[in-house]
Amino acid sequence: SCFDEASTAIGAKMKAVHDSQHEKEKLEKSGQVIINEDAIVARAIRSIQRPQKQLPQVMDYDTAKRIVWKYVPVLAALSLAGSLIGANILLSIPSDLLKNIVGIFILLLVPILFLKRDIGVERKAVDRTRLIVGAVLYLLVQILTGFIGGGTGTLIFYILMLCFGLTIIEAGATQLIPVFILNVSS
């Protein structure tokens, strides 16, 4: 009967889903990365669309003199290097460890939020040591970005404001160029 056929088909589908979920759990426990083909296609489409949307923003910020061009080459190079390193690390680190790393970075920012209320309001002069520390931190966050793909924008903004002395608007404008370069190169 039709009912029996439908019941058998549903049962087979449920078993396939269960088996697939069980296989996924085994892979996650072993620390292997699972890549969803639909997610890859969606990410590729977004990477094609992003530069088209970002170019007008870059031009507007440049016209308004908000991009701090002296930092752009270093930040772009660090972004490219960090993304490549991060993408390679992604293949060898368990996802739980990644979540913990991001959580630690965010927890480290919480005291700054309460202690430095004027951060990003005015441009600050910074010394060479702070710039070097900022470059190292920026690279580390870009490595994180390479294997988690997003969610690190807040960390980048704080690094640009604290270590490079930028205002929040300058941080957003200046960061657009490395992001634009990454999107075009991906």
Side-chain angles (χ1 to χ4, degrees), residues 39-90 98-99 101-186:
I40 292 171
V41 171
R43 191 170 185 182
I45 290 169
R46 284 193 304 272
S47 72
I48 292 168
Q49 293 172 340
R50 277 190 205 123
Q52 295 169 356
K53 293 178 181 178
Q54 290 170 333
L55 192 56
Q57 291 176 317
V58 169
M59 293 168 49
D60 289 344
Y61 277 126
D62 186 43
T63 302
K65 306 271 189 250
R66 297 295 186 178
I67 298 173
V68 183
W69 286 101
K70 69 180 182 180
Y71 296 137
V72 168
V74 172
L75 296 176
L78 291 172
S79 292
L80 284 169
S83 293
L84 290 172
I85 294 167
N88 287 321
I89 290 174
L90 172 66
L98 297 177
K99 291 176 190 173
I101 291 170
V102 173
I104 289 168
F105 270 113
I106 291 172
L107 287 175
L108 291 173
L109 283 178
V110 171
I112 295 169
L113 293 173
F114 293 108
L115 298 174
K116 295 229 175 215
R117 293 193 176 254
D118 65 338
I119 185 171
V121 176
E122 294 179 3
R123 188 130 190 238
K124 309 260 189 214
V126 292
D127 61 4
R128 190 169 197 271
T129 304
R130 186 175 273 197
L131 288 173
I132 292 170
V133 168
V136 170
L137 290 173
Y138 185 86
L139 176 64
L140 292 173
V141 171
Q142 288 299 351
I143 290 170
L144 274 176
T145 304
F147 56 73
I148 62 174
T152 56
T154 302
L155 297 171
I156 290 170
F157 268 71
Y158 276 100
I159 290 168
L160 293 176
M161 292 184 295
L162 285 170
C163 299
F164 291 83
L166 304 182
T167 67
I168 193 163
I169 294 172
E170 290 171 334
T174 303
Q175 178 58 17
L176 258 180
I177 306 298
V179 169
F180 178 77
I181 291 169
L182 283 176
N183 286 331
V184 168
S185 67
S186 63

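Between Gln57 atom CD and Phe180 atom CZ the span is 11.0 Å, to the nearest 0.5 Å. Between the CG atom in Leu155 and the CG atom in Leu144 there is a gap of 7.5 Å [rounded to 0.5 Å]. To the nearest 0.5 angstrom, Ile159 atom CD1 is 11.0 Å from Thr154 atom OG1. The line from CG of Leu166 to NZ of Lys124 is 12.0 Å long, rounded to the nearest 0.5 Å. Taking CD of Glu170 as the start and CD1 of Ile67 as the end, the distance is 10.5 Å to the nearest 0.5 Å. With values rounded to the nearest 0.5 angstrom, Ile156 atom CD1 is found 12.5 Å from Thr174 atom OG1.
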Take Tyr71 and Leu160 through the test side-chain contact (heavy atoms from CB on, under 4.5 Å) and record every step on the way to the result.
CA-CA 10 Å; Tyr71 296 137; Leu160 293 176; over 6 Å; no

Report the C-alpha distance between Ile177 and Leu75 in whole Å, list the side-chain angles of each, state the deciding distance to 0.1 Å, and finish with yes or no for side-chain contact (heavy atoms from CB on, under 4.5 Å).
CA-CA 9 Å; Ile177 306 298; Leu75 296 176; over 6 Å; no

Tyr138 vs Gln175, side-chain contact (heavy atoms from CB on, under 4.5 Å): CA-CA, chis, key distance, verdict:
CA-CA 11 Å; Tyr138 185 86; Gln175 178 58 17; 2.7 Å; yes

Verdict with reasoning, Leu137 to Val141, per side-chain contact (heavy atoms from CB on, under 4.5 Å):
CA-CA 6 Å; Leu137 290 173; Val141 171; 5.5 Å; no

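No donor-acceptor pair closer than 3.5 Å links the side chain of Arg66 to the backbone N or O of Ala171.
In this structure, Gly134 and Cys163 approach most closely via the heavy-atom pair CA-CB, 3.4 Å.
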